[in-house]
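A, B, ... follow the sequence lines: proteins, then strands. Residue 1 opens every chain.
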There are 2 protein chains.
Amino acid sequence: MSELTVISASDIAEYVTRDLAFAAVEKALIAITKPDSRLFPVTIGRGVPDESMVAIKSGMSAPEGVVGMKVGTYWPNNRDMGLTNHGSTTLLLDPDTGMPTVLFNAVALNGLRTAAANAVASNVLARPDAEVLLLVGAGHQARCEIAALCDIRPISRVLIWSRNLNHAAELAEELSASASNQSFAQFSATSDLEMAAGEADIITTVTPSTQVLIQSAWVRPGTHISAMGADKKGKQELDPRLVEGGKLFADHPPQSVEIGEFQSATQQELIREQDITAIGRVLTGVCKGRTGERDITIFDSSGIVLQDIAVAQAVLEKIRKKGGGLKVSF
Amino acid sequence: MSELTVISASDIAEYVTRDLAFAAVEKALIAITKPDSRLFPVTIGRGVPDESMVAIKSGMSAPEGVVGMKVGTYWPNNRDMGLTNHGSTTLLLDPDTGMPTVLFNAVALNGLRTAAANAVASNVLARPDAEVLLLVGAGHQARCEIAALCDIRPISRVLIWSRNLNHAAELAEELSASASNQSFAQFSATSDLEMAAGEADIITTVTPSTQVLIQSAWVRPGTHISAMGADKKGKQELDPRLVEGGKLFADHPPQSVEIGEFQSATQQELIREQDITAIGRVLTGVCKGRTGERDITIFDSSGIVLQDIAVAQAVLEKIRKKGGGLKVSF
C-alpha cells in the first residue's frame, strides 16, 4: 500500500503564482539541456466528439530523475456545460520506484507555465530598455503572456492584434480597466499588424496560425520575438526569412525543428538545427544570448513536459510546507 | 472544481475476482472489434535506473466512449525494497467532458486481466473435454493463467515447464500444496517440453522468449494454444510453421502482427493479417472458432488497454454499489 498526494484545482489556485512559474520554468529549461533528461514520444488520440483530443506528453527531468506526464484534453463542447474545453492532469512518479506519488489538476498551470517560458526567454533576450509589446493573438494565453512580460520589463505600451479585431479590442478594454494589476502600461487594439510590428520592442505570437503573420521587412533591428504558437506540424507564425536573419533560441531545438516555429525555415534549408541555441544554455551562461542592440532575437516555444513537471513540483513543495494537499492511501 | 474517485490497492484486492475479470475482458475483446474503438499509440520511456521502463497505453472503448490509459512501470530493484517491480496506474476520462474521473492502483489487476483473456479465448477455442494443461513459463503470470483455465475446463493435470527447472518444480509444489483452491488437478514440473507439448490439450506460453520454444511437430491435432508472451517486436514462442498450420485468433489482429506472436509468421509471409480472426468476433458469433476436433487453434494475446479499462470499470461499478472508493475534490 503506497501513498498518493492529490492536488486539486483549488489547491493550485491557492499556491501558484507567476513568480513560482517563472522560477520553475527556468529550472525546466535548464533541465532539458542536461544529458539524462529526455522527452518520451507524444501520444495523440481522441474521444467520441469530433475535434476532441487527448495528448499525453511524458518525460524525465534530470538531475532529480523525476518522471512525469501530462494528459491534456480538448473537448470542444465543454464550454456549453460551464467547463473549460481544455483539461490537464499531471502525474509524477517516484524516481526510485516508478510508483505514482502526486496527481495534479493542472488546468490552471498551463497558461502560466507557457507564459513563464516567454518571460524567462525574454528576460535574457529582449533589450533591457524594451517597453513596447506587441501581442499577436488575443485569446486566454495572450492575457497570461502580457502579465508575465510586464513582470520582467517596464512595459509602457501593449499593442494587441487579432485576426478578429473585436477580440483584440475587448482584451485591450479589459486590461485597461484592470491596469493597476498590469503595471502602468497602456493597452490598445490594432488592425495594422505591419505598423505595430515596426513599433514593438518585443513581439509575442500566440495564435494557431499555419501561415506567416509577421513579415521579415516589418521588424526593426533590436526586436525580440517569442513565437509561442507553433507546436505541431504545419503551424507557423513568422516569415522564414525573418527566422533566417535572426539569432535563434528554443526550449528544445530538436523539437522546435520538428513541430515548432523553426520547422518551416528548416524545411526550406534556410537554417539548420545547429543554428538554434537551447535557451537553457543561455540561462546557465554556457552560450550567449543577445550580443548587440541591433540583434533580432527569436525564441521558439514548442512546449516541453519538463515545464509541467517543474511547475507541479514547485507547487507541491509550497503546499507541503504549509501542510496542504490531500494524502490518500493508494 | 470536479470530483475524482481514487481506488487503492486494498480496494482492488477487496473487490476484484477472476469472474469479474473474465466478464470484463470478454466485454473488452468484443469492444475492440467495434468501429469506434481505438488504441492510441503506445509511449515507451524510461527512468534513471538502467532497465527501468515506463509504458503508457491508452485508447477509447466503444460504445461507452470511455477514454482510459494505463501507466505501466518496471523498476528493476523494487523487490529489494519489498515492493513489486511492476507498477500499474489506470486513469479513466469522462466520455462527455474528457475530465479525469477515476484513478486506480491497478497493480493487482494486470495478472488477472491477462489470464482472463486466455480463459475467455480458451473457453471458445479449446475442446470441451480438454483436461491436460501445459504451462510454458513458471513466473507470477503462470499462477494466474492456471487458476483462470481451471475455472473454465475440468483440468486434471497441469504440466509446468520453465527454462529454469527449479522454478517449475517450485511452482508445481506450491500449487500441489494448495490444490484445493485449484480444482483437483495434479501439478508436475517437466524438463521435457516436447513430450509435454504432445500430451497437452491446452498449451499456454507465458515467457519473455525471443526464440521458438514450441516446435510444430510436437503439437497434437486438437490442441489449443494461447501465446501470451509476445508483446513487442522480436518476441516469439511458437514455431512459425505451427502458426501457419493453425486456426488463428488474436485480441487485435493489427497489433498481433506488429508486436505479438504472429509477427514472425507474418514477416516470413507464411500468414497474412487477414488470416487472423479477432476473438471478439467469435464471442459475438460473427465468426467461427474451433470447427472440428482436430483443429489446432492458436490465440495470440498481445494485450490491449481496453482490457484494463474494462476491468477497472467493472471494479468501479462493484465498489460504487457497496459505497466504497474514495471521492476527492479535484
Side-chain angles (χ1 to χ4, degrees), chain A residues 1-4 6-11 13 36 38-49 52-54 56-60 62-67 69 71-75 77-78 81 83-87 89 91 93-100 103-105 107 326 328-330, chain B residues 1-4 6-11 13 36 38-49 52-54 56-60 62-67 69 71-75 77-78 81 83-87 89 91 93-100 103-105 107 326 328-330:
Chain A
M1 195 73 157
S2 56
E3 193 178 74
L4 178 80
V6 179
I7 307 291
S8 70
S10 64
D11 290 329
D36 287 338
R38 42 187 168 265
L39 305 181
F40 307 157
V42 174
T43 287
I44 307 284
R46 71 172 188 85
V48 174
S52 67
M53 188 177 84
V54 180
I56 307 174
K57 296 181 176 172
S58 52
M60 190 186 80
E64 311 99 317
V66 171
V67 170
M69 68 206 64
V71 182
T73 55
Y74 177 78
W75 249 245
N77 301 318
N78 279 6
M81 292 179 268
L83 294 168
T84 173
N85 287 356
H86 296 271
T89 306
L91 180 70
L93 305 184
D94 185 323
D96 296 324
T97 66
M99 298 298 167
L103 186 80
F104 299 82
N105 183 331
V107 171
L326 181 67
V328 301
S329 292
F330 193 62
Chain B
M1 195 73 156
S2 57
E3 192 178 73
L4 178 80
V6 179
I7 308 291
S8 71
S10 64
D11 290 330
D36 287 338
R38 42 188 167 264
L39 305 180
F40 306 158
V42 173
T43 287
I44 306 285
R46 71 172 189 84
V48 175
S52 68
M53 189 176 85
V54 179
I56 307 174
K57 295 180 177 170
S58 52
M60 190 186 80
E64 310 99 320
V66 171
V67 170
M69 67 206 64
V71 182
T73 56
Y74 176 77
W75 249 245
N77 302 318
N78 279 7
M81 293 180 265
L83 294 169
T84 175
N85 287 355
H86 296 272
T89 307
L91 180 70
L93 305 184
D94 186 323
D96 295 325
T97 66
M99 298 297 168
L103 186 79
F104 299 83
N105 182 332
V107 171
L326 182 69
V328 301
S329 292
F330 192 62

Could you check which of [options] has the highest count of heavy-atom pairs closer than 4.5 Å to chain A?
options: Leu39(B), Thr97(B), Val67(B), Leu91(B); result: Thr97(B)
options: Val66(B), Asn77(B), Thr73(B), Asn78(B); result: Asn78(B)
options: Pro41(B), Gly65(B), Ser58(B); result: Pro41(B)
options: Met53(B), Met69(B), Arg38(B); result: Arg38(B)
options: Gly98(B), Pro95(B), Gly87(B); result: Gly98(B)

Can you say whether [X] sits under 4.5 Å from chain A via the side chain, the backbone, both, or neither, judging by heavy atoms?
X: Leu93(B); answer: side chain
X: Met81(B); answer: side chain
X: Phe104(B); answer: backbone

Let's test your reading of the structure: which of [options] forms the most heavy-atom pairs below 4.5 Å with chain B?
options: Thr84(A), Asp96(A), Val328(A); value: Asp96(A)
options: Leu4(A), Asp36(A), Leu83(A), Val71(A); value: Val71(A)
options: Ala62(A), Ala13(A), Gly47(A); value: Gly47(A)
options: Leu326(A), Ile44(A), Ile56(A); value: Ile56(A)

Looking at every non-hydrogen atom in both residues, tell me the closest pair between [X] and [Y] and how far apart they are.
X: Thr89(B); Y: Pro100(A); answer: OG1-CG, 3.3 Å
X: Phe330(B); Y: Ile7(A); answer: CE1-O, 3.5 Å
X: Ser2(A); Y: Asn105(B); answer: OG-ND2, 4.2 Å

- Message: Please classify the contact between Arg46(A) and chain B as side chain, backbone, both or neither, with a heavy-atom cut-off of under 4.5 Å.
- Response: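 Answer is both: backbone and side chain atoms of Arg46(A) are under 4.5 Å from chain B.
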- Excluding sequence neighbours, so at least two apart, what forms side-chain contact (heavy atoms from CB on, under 4.5 Å) with Val48(B)?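 By the side-chain contact (heavy atoms from CB on, under 4.5 Å) rule, Val48(B) matches Met60(A).
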- Message: Checking Pro49(A) now: which residues fulfil side-chain contact (heavy atoms from CB on, under 4.5 Å) with it, not counting sequence neighbours?
- Response: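 side-chain contact (heavy atoms from CB on, under 4.5 Å) check on Pro49(A) returns Ser52(A), Trp75(A), Pro76(A).
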- Query: Going by distance alone, is a donor N or O of one side chain under 3.5 Å from an acceptor N or O of the other, for Thr43(B) and Thr43(A)?
  - Reply: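 Looking only at side-chain atoms, Thr43(A) and Thr43(B) do form a donor-acceptor pair, the distance falling under 3.5 Å.
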